[in-house]
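This report concerns only the one structure given below.
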Amino acid sequence: MNELATKYDPSAVEGKWYEYWMEHRLFHSEPDEREPYTIVIPPPNVTGVLHMGHMLNNTIQDILTRRARMQGKNALWVPGTDHAAISTEAKVVAKLASEGIAKTDLSREEFLNHAWDWTNKYGGIILQQLRKLGASCDWERTAFTMDDIRSESVIRVFNKLYDKGYIYRGVRMVNWDPKALTALSDEEVIYKEEQSHLFHLRYRVEGEEDKYIIVATTRPETILGDTAVCVNPNDPRYTWLKGKKVIVPLVGRAVPIIMDEYVEMDFGTGCLKVTPAHDVNDYMLGDKYNLPSIDIFNDNGTISEAGGMYVGMDRFDVRKQIMIDLDKAGLVEKVEDYVNKVGHSERTDAVIEPKLSMQWFVKMEEIVKPALASVMDDDIKFIPAKFKNTYRHWMTNIKDWCISRQLWWGHQIPAWFLPEGGYVVAENEEEALLKAIEKSGNAGLTIADLKRDPDCLDTWFSSWLWPISLFNGILDPDNKEFKYYYPTADLVTAPDIIFFWVARMIIAGYEFADNKPFNNVYFTGIVRDKIGRKMSKSLGNSPDPLDLIDKFGADGVRMGLMLGAPAGNDIMYDDSLCEQGRNFCNKIWNAFRLVKGWEVDGNISQPESAKLGVEWFSAKLNNTIAEVDDLMGKFRISEALMAIYRLFWDEFSSWYLEVVKPTYGQPVDKATFDSTLGFFDTLLRLLHPFMPFITEELWQHLADRKAGESIMYALIPQAECCDAPILAQFETLKEVIAGVRTIRKQKQIAQKEELQLHVKGNSDSSLNPILMKMANLSTIEHVEEKSPTSSAFIVGAIEYSIPLESKINVEEELAKLNKELDYYTKFLAGVEKKLSNEKFVNNAPEAVVAVERKKQSDATEKLEAIRASIAALQS
RNA sequence: GGGCGAUUAGCUCAGCUGGUUUAGAGCAUCUGCCUUACAAGCAGAGGGUCUGCGGUUCGAAUCCGUAAUCGCCCACCA
């Protein structure tokens with residue numbers, strides 16, 4: 001062991017232990033009599049690669065899982081991936097395009113073959129990357145939202161909801177993504193503020209020469225679909241228009257003037273053009289006034305035949321061209337600059353087109369109810385709690401969920417159309433046929449007569465089942481695993497998918513499993529760069545996590561991430577955080593080298609200083625264990641880690657080890673050695689959830705371990721008692737030692753040189769053996785008066801001094817004392833002011849007043865000592 | 001346009017129901033040390049009056065009001 005390098009080398013350790021854990025199936029869990037602790041991973045996109053957000057998120061999950069495992073629970077962390085319908089399909093389409101193949105050239109089956117090839121090739125890379133991080137997932141359970149169980153679960157759930165009347169099909173105004181060529185849910189639309197224009201266009205009034213009204217619009221190309229102009233009935237400017245028609249510019253179509261209070265009189269010109277096919281509000285007006293609806297767009301955002309002009313041109317090109325043409329025709333009044341919000345597709349960033357189309361929806365109103373209540377009542381706890389507000393707001397304003405997507409990659413909607421019209425919903429073709437025969441009364445129908453709806457389901461329609469479907473709880477709700485592992489314990493996720501995923505999982509939990517899916521939801525922050533920008537590919541400010549692991553080690557990166565991630569806050573990531581983590585690994589490593597390098601002699605007795613050191617550190621350790629328990633219980637993970645960091649670095653390494661360390665070349669006694677190894681073992685266990693690799697490596701070195709034995713299953717230490725008096729005594733001791741060190745530094749006295757210490761006052765001498773050793777003293781003497789040729793410092797009300805003969809500089813000593821005199825004089829004045837305030841003395845609780853009195857007497861005593869010292873120096 | 005949250009040392013954050021806090025931690029900074037576990041280290045030091053204003057109270061970083069700044073979420077003003 002003495003051969004250990006002076007620096008910790010993660011690369012020599014990490015792969016080795018991960019393999020060991022895998023080889024001995026230490027991540028695997030089966031139901032048993034222990035208390036379960038379950039986490040399901042937020043499934044990353046199957047073709048995705050690891051980014052910093054994943055690192056943070058999964059580090060936290062691993063910490064929680066490992067800690068639970070070491071608490072003796074049956075811990076299970078289930079991994080898996082999401083098929084990510086739109087985003088994967090888009091990637092496959094792009095790849096095919098690069099090979100000169102258009103999606104439209106392929107059959108559904110051919111396309112899906114390509115998609116599966118792609119998935120098999122890139123799928124799961126991200127899961128491999130997670131292993132580098134140390135993730136203790138039960139890989140034997142790796143699932144995919146499109147594997148058999150998960151797919152069947154989706155179909156089952158669709159049928160269930162349909163049978164209950166919660167799923168319906170209908171023509172509605174939906175968000176259309178002209179790039180992905182599919183409908184989207186409201187949540188998949190991101191509104192961005194954009195600099196645009198408000199175009200004021202002239203609409204001639206039919207049958208009235210030279211009379212026109214001005215309509216303001218941001219989308220002049222949509223006039224092709226205008227079927228009315230709307231004004232407010234209370235607007236005196238326009239009452240004369242009642243019953244008249246206006247001519248749509250360029251198009252020449254006469255459309256009616258309708259009157260509705262929906263129109264704001266003070267916005268724009270007070271005239272609103274109505275395009276029922278291409279605007280949600282216009283759709284509402286069209287519905288109310290029975291207006292025709294002209295769909296002027298093709299699915300890809302070009303103008304359709306129905307537009308009548310500019311056919312085949314892209315909507316944005318038309319916007320430019322039509323303004324030129326309108327201008328030529330003298331139909332433009334003016335153009336204003338205008339900032340408005342434009343909806344973009346979350347996945348493709350294409351500008352969303354509101355479009356009337358036939359889609360499938362989930363009726364949300366009813367099924368949302370238990371899900372809302374459970375979060376509001378803290379039956380499911382959100383951490384931080386502020387997200388309860390966000391959740392409540394969304395849940396109480398919830399709209400129906402558009403679940404159909406015009407994609408091929410995903411779960412195909414289990415609905416079959418009958419030849420004579422109408423459809424049936426079923427779990428499979430056979431069942432569909434039976435239902436179809438029953439519905440149509442046509443016993444001669446065959447499967448070939450039925451046509452299955454080509455659309456797929458929203459990807460979230462499968463992931464909302466994740467905590468249930470992972471344990472096959474949809475298809476077989478009475479199975480042992482589901483009963484054991486569900487509800488899961490904690491969910492760790494980013495707040496940006498609170499609606500997409502978290503809320504819907506809660507809804508699904510109550511709807512399909514009659515129980516919440518998890519007890520706690522821990523929302524992580526967003527990983528940003530040092531100057532607060534969100535990490536993104538386009539900015540290039542996102543480091544490659546695997547490079548970081550190479551550079552700092554997985555433990556170092558984990559620690560770095562956790563240090564910067566206080567609960568509920570975004571993390572401002574900087575490499576220096578990982579550097580700190582790496583340095584900590586090194587510190588642990590070197591502390592270990594020290595201890596392992598000691599030679600043990602069973603015949604020598606334990607020095608008093610070491611005995612006291614052991615007693616103190618034992619109490620300190622206990623204290624911190626209790627603190628860590630408390631913090632982890634509140635998900636204050638970074639604070640818990642910081643507490644352990646300080647315990648190891650400051651208390652254990654800088655104090656404890658220095659106290660018990662034998663003189664160079666000397667052996668250590670058996671009792672101290674054993675205690676020290678015991679402490680080391682406890683510290684490693686406390687640290688293991690945060691830094692799994694280095695702790696396993698050292699723990700294995702610490703003693704002879706059996707094959708398959710691992711720190712992963714060593715029990716996390718339990719706090720026993722706390723608040724031993726020795727804790728406070730030791731803190732005082734530290735101050736005294738620091739006092740001596742300061743004098744050494746000021747007087748440039750080497751540590752090797754022994755000093756005498758004079759103590760004036762009634763000091764506690766119980767830790768004197770440690771003081772002798774740490775301050776390298778020859779004697780500690782009580783004196784009535786300190787020697788004028790000594791350098792002094794005060795701790796509490798006790799004055800310590802070191803006789804130094806010639807080395808004393810009276811000026812310096814006086815300056816030091818005067819500074820203290822000044823400070824305590826002011827301090828005392830403050831306290832006395834408080835105490836002379838009758839209202840304070842009368843109203844404040846006795847204990848508080850007593851504290852002030854104690855401050856007063858201590859300060860008075862101290863001031864006396866300082867004054868005496870000054871007098872002695874001046875004499 | 002609504003709602004929520006934040007504002008404490010150079011940076012990132014603690015400070016729970018107001019009182020041993022004229023405010024703590026880590027990092028960074030400064031000074032001195034290559035002292036045989038560790039210079040990715042050791043020993044020491046400096047640094048903030050708690051965003052501004054007003055109020056409640058014997059007492060406020062902590063409670064209330066208000067302003068400013070930043071951030072997030074939601075919303076159909078063309």
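For the numbers below, each heavy atom of this structure counts, side chains included, while hydrogens, waters and symmetry mates do not.
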Is a side-chain N or O of [X] found less than 3.5 angstrom from the main chain of [Y], in a donor-acceptor match?
X: Asn590(A); Y: Thr6(A); value: yes
X: Arg319(A); Y: Glu221(A); value: no
X: Lys773(A); Y: Val659(A); value: yes

Using a 3.5 Å limit on both pairing distances, list the dot-bracket string of RNA chain B from the 5' end; Watson-Crick and G-U wobble pairs count, crossing pairs take [ ], interstrand pairs take |.
(((((((..((((.....[....)))).(((((.......))))).....(((((..]....))))))))))))....
When the side chains of residues 265-275 of chain A are checked against the rest of the protein, which donor-acceptor pairs come out under 3.5 Å, sequence neighbours left out?
residue, atom, partner, partner atom, Å
Thr269(A), OG1, Ile214(A), O, 2.6
Thr269(A), OG1, Cys271(A), N, 3.3
Lys273(A), NZ, Thr222(A), OG1, 2.7
Lys273(A), NZ, Asp226(A), OD1, 2.7
Lys273(A), NZ, Thr275(A), OG1, 2.9
Thr275(A), OG1, Asp226(A), OD1, 3.0

Sticking with atom [atom1], work out how far [N] lies from [M], rounded to a whole angstrom.
N: U69(B); M: U29(B); atom1: P; result: 34 Å
N: C76(B); M: G71(B); atom1: C1'; result: 26 Å
N: A61(B); M: U7(B); atom1: P; result: 15 Å
N: C11(B); M: U17(B); atom1: P; result: 26 Å
N: A68(B); M: A43(B); atom1: C1'; result: 45 Å
N: G15(B); M: U49(B); atom1: C1'; result: 15 Å
N: C74(B); M: C63(B); atom1: P; result: 28 Å
N: A28(B); M: G41(B); atom1: P; result: 8 Å

Given RNA chain B, 5'-ward residue of the pair Lys839(A) and Tyr645(A), judged by closest heavy atom:
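Mapping each residue to its closest nucleotide by heavy atoms, the 5'-most match is Tyr645(A).
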Can you confirm if the aromatic rings of Tyr645(A) and Phe584(A) lie within a centre distance of less than 6.0 Å?
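Judged by ring-centre distance (under 6.0 Å), Phe584(A) and Tyr645(A) do meet the cut-off.
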Within the 6.0 Å centroid threshold, strictly below: Phe387(A) and Phe523(A)
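They qualify: ring centres under 6.0 Å apart.
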Applying a 4.0 Å non-hydrogen cut-off, can you work out what [X] is touching in the nucleic acid: base, sugar-phosphate, or nothing?
X: Phe584(A); value: nothing
X: Ala738(A); value: sugar-phosphate
X: Glu658(A); value: base
X: Asp574(A); value: nothing
X: Ser576(A); value: nothing
X: Asn837(A); value: sugar-phosphate
X: Pro495(A); value: nothing
X: Lys752(A); value: nothing

Nearest-neighbour nucleotide for the [X] side chain, [options] considered:
X: Ala844(A); options: G44(B), C58(B), A37(B); result: C58(B)
X: Lys661(A); options: A25(B), A37(B), C27(B); result: A37(B)
X: Phe840(A); options: A37(B), C27(B), G19(B); result: G19(B)
X: Thr742(A); options: G44(B), C38(B), G26(B); result: G44(B)
X: Asn586(A); options: A40(B), A37(B), U20(B); result: A40(B)
X: Arg593(A); options: G44(B), A37(B), C42(B); result: A37(B)

What does nucleotides 73-78 of chain B look like as a protein-contact string, B for base, S for sugar-phosphate only, - for none, at under 4.0 angstrom between heavy atoms?
SSBBBB
Would you indicate, yes or no, if [N] has its OP1 or OP2 atom less than 4.0 angstrom from a side-chain nitrogen or oxygen of [X]?
X: Arg636(A); N: G15(B); value: yes
X: Trp649(A); N: C42(B); value: yes
X: Lys745(A); N: C33(B); value: no
X: Asn569(A); N: A6(B); value: no

Calculate the interatomic distance between [X] atom [atom1] and [N] atom [atom2]; express it in whole Å.
X: Lys386(A); N: C4(B); atom1: NZ; atom2: P; result: 13 Å
X: Asp650(A); N: A43(B); atom1: CG; atom2: C1'; result: 13 Å
X: Leu563(A); N: A28(B); atom1: CG; atom2: C1'; result: 14 Å
X: Tyr656(A); N: A37(B); atom1: OH; atom2: P; result: 16 Å
X: Lys834(A); N: G59(B); atom1: NZ; atom2: P; result: 11 Å
X: Asn389(A); N: G2(B); atom1: CG; atom2: P; result: 17 Å
X: Phe679(A); N: A37(B); atom1: CZ; atom2: P; result: 20 Å
X: Arg741(A); N: U35(B); atom1: CZ; atom2: P; result: 16 Å

Ring-plane angle category for Phe592(A) and Phe680(A), please: parallel below 30°, perpendicular beyond 60°, tilted otherwise.
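Plane angle over 60°, so perpendicular.
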Please state whether the rings of Phe648(A) and Phe652(A) are parallel, tilted or perpendicular, taking 30° and 60° as the class boundaries.
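Plane angle between 30° and 60°, so tilted.
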In a check of side chain to side chain contact (heavy atoms under 4.5 Å, CB included) between Pro220(A) and each of Ile322(A), Val215(A), Val332(A), Val335(A), which one passes?
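Of the listed residues Ile322(A), Val215(A), Val332(A), Val335(A), the side chain to side chain contact (heavy atoms under 4.5 Å, CB included) partner of Pro220(A) is Ile322(A).
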Regarding Lys388(A) and the six-membered ring of Phe382(A), is the cationic atom NZ or CZ under 6.0 Å from the ring centre and inside 45° of its axis?
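Judged by the rule, Lys388(A) and Phe382(A) form no cation-pi pair.
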Check this for me: does the side-chain of Lys826(A) come within 3.5 Å of the base of U22(B) through a donor and an acceptor?
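No, no donor-acceptor pair under 3.5 Å.
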Has the side chain of Gln746(A) got a donor or acceptor atom sitting under 3.5 Å from an opposite partner on the base of A45(B)?
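In this structure, the two groups form no donor-acceptor pair.
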Any side-chain heavy-atom pair from Met559(A) and Leu641(A) closer than 4.5 angstrom?
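Yes. Closest side-chain heavy atoms under 4.5 Å.
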Using the rule given for side-chain contact (heavy atoms from CB on, under 4.5 Å), can you reason through Val13(A) versus Asp9(A), listing the C-alpha separation, both sets of side-chain angles and the distance that settles it, and then say yes or no?
CA-CA 7 Å; Val13(A) 166; Asp9(A) 176 16; over 6 Å; no
Taking only Lys NZ, Arg NE, NH1 and NH2, and the carboxylate oxygens of Asp or Glu, determine whether Arg646(A) and Asp650(A) approach each other closer than 4.0 Å.
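Not counted as a salt bridge, because no side-chain N and carboxylate O are separated by less than 4.0 Å.
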